[in-house]
Amino acid sequence: QVELVESGGGSVTAGGSLRLSCAASLYTTSRYCLGWFRQAPGKQPEGVAAIDSDNTTNYQSSVKGRFTISKDNAKNTVYLQMNSLKPEDTAMYYCAAKKVGGSWRDTVLFGYWGQGTQVTVSS
């Protein structure tokens, strides 16, 4: 059973930074693809970034150059460093895990989800 617990959300003004953390159960970060998704009110969830077991990373185009996904296998933790935040980044952010393979954007493939952490960016 994979368990994921997010933290680090909060409220910032535009241009600010936040770092989200996702604490995972043992061996998850070394064996699974970990992704960050977000969902704004009234919108479908969307993939933000993902990091594979071999450290391959993928990003949504709107966050490239601003967000960085990383992981620490020793701590079983995945991070999302978010810089130059914009009001349109406001959403509930979720950490999710899936077995290797398939599109990182496909939420259906991610069988394990955290409870989410809210990020609010004001202008």
Side-chain angles (χ1 to χ4, degrees):
Q1 183 70 14
V2 174
E3 295 185 355
L4 304 167
V5 179
E6 303 97 332
S7 61
S11 297
V12 297
T13 55
S17 298
L18 283 172
R19 188 175 81 155
L20 305 183
S21 298
C22 173
S25 44
L26 195 62
Y27 302 125
T28 299
T29 59
S30 61
R31 296 177 179 177
Y32 289 76
C33 173
L34 278 296
W36 285 98
F37 293 80
R38 65 186 180 189
Q39 186 170 22
K43 293 188 176 182
Q44 292 292 318
E46 59 178 3
V48 176
I51 185 164
D52 235 322
S53 55
D54 64 357
N55 292 323
T56 300
T57 57
N58 288 283
Y59 295 92
Q60 181 194 112
S61 59
S62 69
V63 307
K64 277 184 180 179
R66 299 189 298 124
F67 291 10
T68 302
I69 189 170
S70 62
K71 64 176 178 174
D72 185 333
N73 288 336
K75 295 182 178 180
N76 294 295
T77 301
V78 178
Y79 305 98
L80 185 67
Q81 178 66 45
M82 306 186 295
N83 298 328
S84 303
L85 282 161
K86 303 176 181 180
E88 50 264 44
D89 294 318
T90 295
M92 183 71 80
Y93 283 70
Y94 298 90
C95 177
K98 71 172 183 72
K99 295 291 183 63
V100 175
S103 171
W104 70 274
R105 298 176 186 272
D106 192 344
T107 58
V108 174
L109 297 179
F110 286 80
Y112 306 97
W113 293 79
Q115 82 289 350
T117 185
Q118 178 68 38
V119 171
T120 302
V121 184
S122 58
S123 57

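For the single chain, residues carry numbers from 1 onward in sequence order. Side chains are part of it too, since the values below use all heavy atoms of this structure and drop only hydrogens, waters and symmetry mates.
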Please check if [X] and [Y] belong to a single hydrophobic cluster, counting links between Ile, Leu, Val, Met, Phe, Trp and Tyr side chain heavy atoms closer than 4.5 Å.
X   : Y   : value
V78 : F67 : yes
V63 : M92 : no
Y59 : L18 : yes
Y79 : L85 : no

Q115, CD atom: more than 12 neighbouring heavy atoms under 6.0 Å: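 Enclosed.
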
Heavy-atom neighbours of E46 CD exceed 12 at 6.0 Å: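 Atom CD in E46 is packed in, count exceeds 12.
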
Taking side-chain contact (heavy atoms from CB on, under 4.5 Å) as the criterion, tell me which of [options] meets it with [X].
X   : options             : result
Y93 : E6, Q118, M82       : M82
C95 : L34, T117, T77, L80 : L34
I69 : N55, I51, V48, L20  : I51

What's the separation between atom [atom1] in [X] and atom [atom2] in [Y], rounded to the nearest 0.5 Å?
X    : Y   : atom1 : atom2 : answer
L26  : R31 : CG    : CZ    : 7.5 Å
K86  : S62 : NZ    : OG    : 7.5 Å
T107 : K98 : OG1   : NZ    : 11.5 Å

What's the shortest heavy-atom distance between [X] and [Y], and which atoms?
X    : Y    : result
S17  : N83  : OG-OD1, 2.9 Å
G102 : L109 : CA-CD1, 3.7 Å
Y94  : G116 : CD2-CA, 3.5 Å
T28  : A24  : CB-CB, 3.7 Å
S30  : K71  : CA-NZ, 4.4 Å
A14  : S123 : CB-CA, 4.3 Å

Carboxylate-amine/guanidinium proximity below 4.0 Å for D89 and R66: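 Looking at D89 and R66, the cut-off is met.
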
Any donor-acceptor N/O pair, Q60 side chain to G47 backbone, under 3.5 Å: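 Yes, Q60 side chain to G47 backbone: donor-acceptor pair under 3.5 Å.
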
Backbone of D54 reached by a side-chain donor or acceptor of D52 within 3.5 Å: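 Not a single qualifying donor-acceptor pair exists.
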
N73/T29 under side-chain hydrogen bond (donor to acceptor under 3.5 Å, both in side chains): CA gap, chis, key distance, verdict: CA-CA 6 Å; N73 288 336; T29 59; 2.8 Å; yes

Given W36, F37, Y32, the one that forms ring-ring contact (aromatic ring centres under 6.0 Å, His included) with F110: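 For F110, the ring-ring contact (aromatic ring centres under 6.0 Å, His included) test succeeds with only one of W36, F37, Y32, which is F37.
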
